[in-house]
Amino acid sequence: MILSVRDFSIGFQREGQNLVAVDGISFDIEQGETFVIIGESGSGKSLTGMSIAGLQPQNAFVSGSIRFKDREILKRPDAELRKLRGPQIGLIYQDPLSSLNPVWPVGDQIAETLTAHGLAGRDEARKRAVEMLERVRIPDPHRVASAYPHEISGGMRQRAMIAMALAAGPSLLIADEPTTALDVTIKAQMLELLAELKREMALTIVLITHDMGVVAEVADRILVLYAGRIAEVGPADAIMLQPSHPYTAALMTSAMISQTPAKQELNAIVGGAPGLGAFPPGCRFHPRCPRAQADCRTVEPPRRKIGAVELACHHPIAAAVPLATARN
Amino acid sequence: MSVSTQPTRRFIARPRGLLLPLALLVLAVLAAFTLLPGLIAPHDPIALAMADRLKPPSLSHIFGTDEGGRDVFSRIVYGTRYSLGVAIVIVFASALFGVVYGAISGMARQGIDNLLMRIVDLFFGFPALVLALAVAASIGRGLDSVALSLAIIWWPGYARLVRGEVLRLRKRPHVEAARALGVSEVTILRRHIIPFVVEEVNVRVTTDIGYALVAVTALSFLGLGANSPTPEWGLLIRDSRPYFGSAWWYLVFPGTMIMLTATAFSLIGDALASRRAA
Amino acid sequence: MALLELDAVSKTFSQRRGGRAVQAVAGVSLAVGKGETLGLVGESGCGKSTLARLALKLADVTAGRIRFDGIDVTEFASRRMLPIRRRLQAVFQDPLASLNARMTIAEVMREPFDTHGVKLGANLDSRIRELLSFVGLENIDLQKLPGQFSGGQLQRIAIARALALEPEIIVADEPTSALDPSIQAQIVNLMLRIQRKRGISYLIISHDLDVIGHVADRIAVMYLGVIIEQGTATEIMERPLHPYTQALLSAAPTLAARRQAGWKRIMLSGDPPNPADVPSGCRFHPRCHLARDICRTNAPELRAMPGLGQMVACHLAPEETARTGAEVGRARRGMQAVG
């Protein structure tokens with residue numbers, strides 16, 4: 001087990017009130033798997049991902065435990081966590097421009113990951129930076145290494161960002177919405193690249209997204225977050241083919257748009273996700289849940305296990321319509 | 001001495017802690033000085049009293065007296081409406097003209113826009129001091145001459161700012177959406193562009209008042225502005241020159257007043273800007 | 001007769017500092033009939049957003065004609081466009097950005113009526129309420145500002161505003177792309193409902209093939225400023241004939257297809273194209289695995305496929321692409337390939 005999260009909470013102070021964005025979640029990530037955290041706006045997925053890397057916002061307060069390779073990393077001083085970022089934990093974002101410094105050549109930035117952690121001298125680091133660019137399938141890596149971020153195309157910037165995250169050989173890669181703003185064909189390229197790199201470098205990947213297509217393609221295990229709480233967590237096949245939590249089921253069906261006959265109304269969940277500070281009592285999904293009953297409105301649902309899947313629901317869907325045989 | 005009308009872009013940090021309340025306090029004091037000088041100043045700012053000349057600060061003359069025996073504090077109080085007043089008039093007038101000019105240029109076709117901006121460039125390049133001298137030479141020295149020359153120097157900055165903002169806002173999605181709805185260009189300017197521009201202009205106006213004040217007092221110091229016995233701050237400093245060594249209060253207090261006022265406006269401008277950036 | 005027609009429309013932007021002109025749109029012809037939905041699909045740099053702006057007369061064409069209900073509006077200035085605009089409305093991608101952040105919802109909803117001189121007097125407020133109700137926003141506070149609403153709510157407000165004057169056609173530029181997946185489904189349903197009840201036509205522009213495939217009657221695929229394939233939704237989704245369309249469809253298959261072991265997608269090499277640097281001959285040839293010499297020198301015309309419904313701009317279609325097309329169509333739906 002490479003990462004273990006227990007009772008993790010993160011919140012903010014706003015106008016004197018304590019607003020809890022993520023509320024006591026616990027999960028494990030096994031080495032070598034692709035663990036996907038799914039959620040929509042307000043679910044707290046990005047905050048969770050950032051907290052694993054120790055990069056939660058400065059004004060946030062956290063509690064609970066995050067153990068990486070059996071070492072506690074939550075609430076450790078930044079100086080200690082900085083040693084992890086790079087050699088142990090790599091990070092990629094939705095927007096490469098936010099992780100690439102516009103006034104430095106790309107190759108130098110990648111090299112810095114190595115020199116900053118004392119993994120190589122300047123010349124060696126530059127050489128390895130070019131190798132890394134080649135590894136992320138950038139044609140003409142020497143040119144790109146001496147170019148500035150704005151001089152290379154968007155697709156190449158994406159890859160350069162991946163190269164920078166993986167240059168120091170981390171074992172865990174956190175990807176926060178890496179494909180969200182991308183074109184379909186580029187998205188496909190990126191997923192293939194990540195799959196190849198995962199194999200070559202024996203990575204564990206934590207991928208944060210709201211794109212069901214991406215989840216379907218890469219996930220080994222899934223964590224479904226809703227309004228700061230876990231809805232469902234477990235093996236991807238089990239959850240996707242037979243979602244037990246009504247929210248997961250609704251997400252799956254609204255993603256199966258191509259299997260709904262054309263021009264027919266989709267199965268959409270009503271309403272919208274609650275904002276921070278406006279979470280309903282009891283089960284946070286109850287206002288939108290077609291199966292909600294009295295206890296859902298008042299009592300927080302307990303965590304229970306159904307096979308290999310853990311979920312938090314008072315009235316889970318017993319035998320859901322499996323994904324593979326949905327109407328077609 | 002160069003009269004800077006183009007403050008460089010700086011990081012917009014919200015004034016922390018006591019700075020902003022202090023700045024607002026200074027503003028309140030200045031307002032009192034401008035509106036009710038008679039109530040605040042203990043002495044007549046103009047009448048001579050040679051017996052008390054060049055007295056150091058004391059209980060009856062908290063800022064000392066000048067070479068005519070006049071209370072420096074009272075002169076400063078009465079001088080506010082000249083120094084600060086003229087600065088405000090200059091900034092408001094040039095802002096008004098510049099906003100209209102810049103809005104027209106920003107909304108106009110590229111050809112007209114280019115022409116209007118070349119005219120602005122012309123004004124930009126003009127050395128402020130030379131212009132001030134020329135204006136003073138033609139209509140005589142005095143605060144009105146200073147006001148005119150500074151307004152001529154100042155308006156291009158607003159024109160450029162507004163034109164830039166208008167150009168930027170014209171491409172915004174909400175403006176395109178309004179156009180798709182059929183809203184006329186004039187109404188788009190009024191409803192969808194100007195309100196956003198005004199925010200930006202307000203920030204600039206506030207900071208500029210401080211800069212204009214320094215400019216006005218500087219020109220008066222050079223002899224181009226107010227004439228004796230007007231208690232204008234720059235003139236006070238000019239008059240204090242022969243007494244630099246012996247009567248320190250004569251220079252220090254007016255100078256400090258200028259500095260405090262300019263800083264206060266600058267801080268308030270920063271506060272406005274940081275709220276906008278938030 | 002088509003309601004909205006773009007006839008050989010081109011748009012070229014000249015670069016400020018010299019350099020080559022940017023051909024955002026090159027000779028595109030499209031037509032949207034009454035009550036039908038035309039989906040325009042493409043990725044970044046294909047020119048679809050520029051085309052949307054041309055169709056809405058937010059930008060002038062460099063060549064070609066635009067016709068609305070038979071009237072040539074290409075040269076119409078804003079005054080003459082006003083009555084046309086009443087019938088041709090728009091919904092944009094980012095609902096928060098397309099509303100004036102300083103206007104209340106009441107003011108936002110009043111704007112179309114004010115602009116077109118529709119005076120309802122005392123009935124205005126109830127009409128506004130009715131419109132908002134129709135899009136599912138019964139009890140919202142009209143005095144609030146856009147920033148106080150969620151993305152989904154804002155898009156509904158934008159749609160309500162577009163419906164205010166009872167238009168005949170709505171041009172929707174990426175109407176769901178900026179929204180969460182569960183909200184996307186809601187907006188898709190809303191747009192379908194509106195079409196059923198009001199018979200409105202849509203020109204929907206999107207990069208999301210799932211959405212387009214679901215709502216469109218006909219689909220046009222755009223690449224680097226030109227239409228490379230055009231046909232009914234069924235033809236395009238089940239048997240795409242242009243290699244680019246095939247790659248597009250195979251890149252975004254169904255969930256079931258993705259989880260099937262052994263499923264392979266058609267990968268495109270290279271980066272998305274740059275409209276400032278248009279390749280010679282067929283614009284797609286640098287990324288096409290089938291490219292021949294003729295592709296590098298001759299630009300293929302959009303022509304009807306013998307025996308098949310759609311129009312394709314490819315030298316090698318349908319002979320060399322039909323089989324892949326059928327496979328992609330099947331694989332995408334998660335069915336096993338035949339043979």
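Letters go in sequence order (proteins before strands), and every chain restarts at 1. It should be emphasised that the depicted structure is a prediction, and the values quoted were computed from it without experimental measurement.
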Name every donor-acceptor pair, under 3.5 Å, that has one atom in a side chain of residues 177-184 of chain B and the other anywhere in the protein, sequence neighbours excluded.
residue   : atom : partner   : partner atom : Å
Arg179(B) : NE   : Glu185(B) : OE2          : 2.9
Ser184(B) : OG   : Thr187(B) : N            : 3.3
Ser184(B) : OG   : Thr187(B) : OG1          : 2.8

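The local environment of CZ in Arg109(B) is sparse, with at most 12 non-hydrogen atoms from other residues, nucleotides or ligands closer than 6.0 Å. No more than 12 heavy-atom neighbours from other residues, nucleotides or ligands sit within 6.0 angstrom of CZ on Arg172(B). More than 12 heavy atoms of other residues, nucleotides or ligands sit less than 6.0 Å from atom CZ of Phe134(C).
Contacts of residues 79-110 of chain C with chain B at a heavy-atom distance below 4.5 Å involve Leu82(C), Arg85(C), Leu88(C), Gln89(C), Ala90(C), Phe92(C), Ala97(C), Ser98(C), Leu99(C), Asn100(C), Ala101(C), Arg102(C), Met103(C), listed in sequence order.
A distance of 6.0 Å separates CZ of Arg191(B) from OG1 of Thr115(C), quoted to the nearest 0.5 Å.
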